[in-house]
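Since the structure comes first, as structure tokens, the remarks are kept for the end.
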Number of protein chains: 2
Amino acid sequence: MKLNRELLKGTTETVVLAALARQPSHGYQLVQQLKAQSEGIFALGEGTLYPLLYKLEAKGLIRGRWESGTGGRRKRVYSLTRKGHRCLADRSAQWDQMVRGVALILGGKSYA
Amino acid sequence: MKLNRELLKGTTETVVLAALARQPSHGYQLVQQLKAQSEGIFALGEGTLYPLLYKLEAKGLIRGRWESGTGGRRKRVYSLTRKGHRCLADRSAQWDQMVRGVALILGGKSYA
DNA sequence: TATTTATACCTCGTATAGCAAAGTATACGC
DNA sequence: GCGTATACTTTGCTATACGAGGTATAAATA
């Protein structure tokens with residue numbers, strides 16, 4: 001099932017923060033991790049993820065460090081800052097509220 | 001708790017369809033119903049709702065009829081079309097998928 | 001009667017998220 | 001040497017939601 005693009009908005013930041021909270025990671029890896037761990041729901045394009053990472057870093061929620069792994073191929077590994085952890089907690093709570101709000105309207109009906 | 005604006009994106013259409021499925025209603029009434037029924041989560045502005053209703057009608061998901069109630073104050077009452085019911089079923093399923101996907105990433109942790 | 005408040009609708013400009021597409025560059029297998 | 005996978009970067013596009021303003025009528029109140 002292809003999800004409505006708009007549905008993802010606002011949650012993307014949250015899932016990226018959550019993924020980085022579990023384990024520091026770099027962009028290319030994140031794209032694949034998120035897709036795999038969410039069973040294809042969060043199949044972010046690179047054009048979505050990289051600008052998002054820059055924004056999160058500019059906001060001080062994550063910090064990136066250049067690493068030159070095997071050979072010389074550089075990659076930028078991001079991890080959550082303390083501020084990022086606080087933000088994740090907040091976003092997570094907001095998400096719960098959101099789910100609750102939708103449930104109140106949809107009211108458990110299936111509409112199927 | 002003030003929700004991130006972006007979080008609402010994509011769900012707004014769904015909750016409006018769901019509200020109209022329960023009971024035909026007009027714009028001004030919908031704004032208040034949604035706010036009340038969702039405990040303040042879906043506090044849509046009129047500048048959000050009215051254009052949304054026009055779009056839903058243009059897509060054939062809802063149909064509006066002018067009614068002149070008490071006195072001469074006109075109001076436009078919307079109800080779901082058959083296509084609207086099908087769309088709601090689809091949106092509802094997408095929402096469930098979405099919630100499932102986020103749960104897979106956030107993994108039940110509280111982050112609090 | 002005059003004024004305020006509530007009802008009800010309409011519209012424009014702005015901010016921003018996510019995406020597709022294109023580009024750059026290095027490492028690895030064949 | 002050549003294709004593929006890795007890894008990062010940037011640009012332009014579309015769509016959504018919102019704030020702020022506007023119009024107009026009915027009801028309440030002073």
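All heavy atoms count here, side chains included; hydrogens, waters and symmetry mates do not. The sequence lines fix the lettering, A, B, ..., with proteins before strands; numbering per chain opens at 1.
- The distance between atom CD of A:Gln33 and atom C1' of D:dT6, rounded to the nearest whole Å, is 15 Å.
- Of the charged side-chain nitrogens involved, at least one lies within less than 4.0 Å of a carboxylate oxygen, so that B:Arg91 and B:Glu13 count as a salt-bridged pair.
- Between B:Leu34 atom CG and B:Thr48 atom OG1 the span is 11.5 Å, to the nearest 0.5 Å.
- A sub-4.0 Å separation between OP1 or OP2 of D:dT9 and a side-chain N or O of A:Tyr50 is absent.
- Computed from coordinates, the B:Glu46 CD to C:dC12 C1' distance equals 15 Å when rounded to whole Å.
- Atom CZ of A:Phe42 is separated from atom P of C:dG18 by 10 Å (rounded to the nearest Å).
- Using a 4.0 Å heavy-atom criterion, one finds that B:Gln29 contacts no nucleic acid atom at all.
- Counting all heavy atoms, side chain and backbone alike, A:Gly27 lies closest to A:Leu53 at CA-CD1, 3.9 Å.
- Contact between the side-chain N/O atoms of B:Tyr28 and the OP1/OP2 oxygens of C:dT7 is found at a separation under 4.0 Å.
- Between the CZ atom of B:Arg74 and the P atom of C:dA6 there is a distance of 21 Å, given to the nearest Å.
- At whole-Å resolution of the value, CH2 in A:Trp66 and C1' in C:dA25 are 11 Å apart.
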Heteroatom pairs (N/O) under 3.5 angstrom, protein to nucleotides 16-18 of chain D:
unit_1, atom_1, unit_2, atom_2, d
D:dT16, OP1, B:Lys55, NZ, 2.9
D:dT16, OP2, B:Lys55, NZ, 3.2
D:dT16, O2, B:Lys9, NZ, 2.5
D:dA17, OP1, B:Leu8, O, 3.3
D:dA17, OP1, B:Gly10, N, 2.9
D:dA17, OP1, B:Thr12, OG1, 2.7
D:dC18, OP2, B:Thr48, OG1, 2.9

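- Linking Ile, Leu, Val, Met, Phe, Trp and Tyr residues whenever their side-chain heavy atoms come within less than 4.5 Å places A:Ile62 and A:Leu49 in a single cluster.
- A:Tyr50 and A:Tyr28 make their closest contact through OH-N, 3.2 Å (heavy atoms, listed as atom of the first residue, atom of the second, distance).
- One interatomic measurement links the two molecules: CG of A:Leu53 to P of C:dG18, which rounds to 12 Å at whole-angstrom precision.
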>> Is there a side chain to side chain donor-acceptor pair (under 3.5 Å) between B:Arg22 and B:Gln37? Walk through the geometry before answering.
In response: CA-CA 12 Å; B:Arg22 184 180 304 175; B:Gln37 285 176 23; 2.9 Å; yes

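- Rounded to a whole Å, the CG atom of B:Leu30 is 13 Å from the C1' atom of C:dC9.
- Rounded to a whole Å, the OH atom of A:Tyr78 is 14 Å from the P atom of D:dA7.
- Between A:Arg76 and A:Glu67, none of the side-chain N atoms (NZ, or NE/NH1/NH2) sits under 4.0 Å from a carboxylate O, so this pair counts as no salt bridge.
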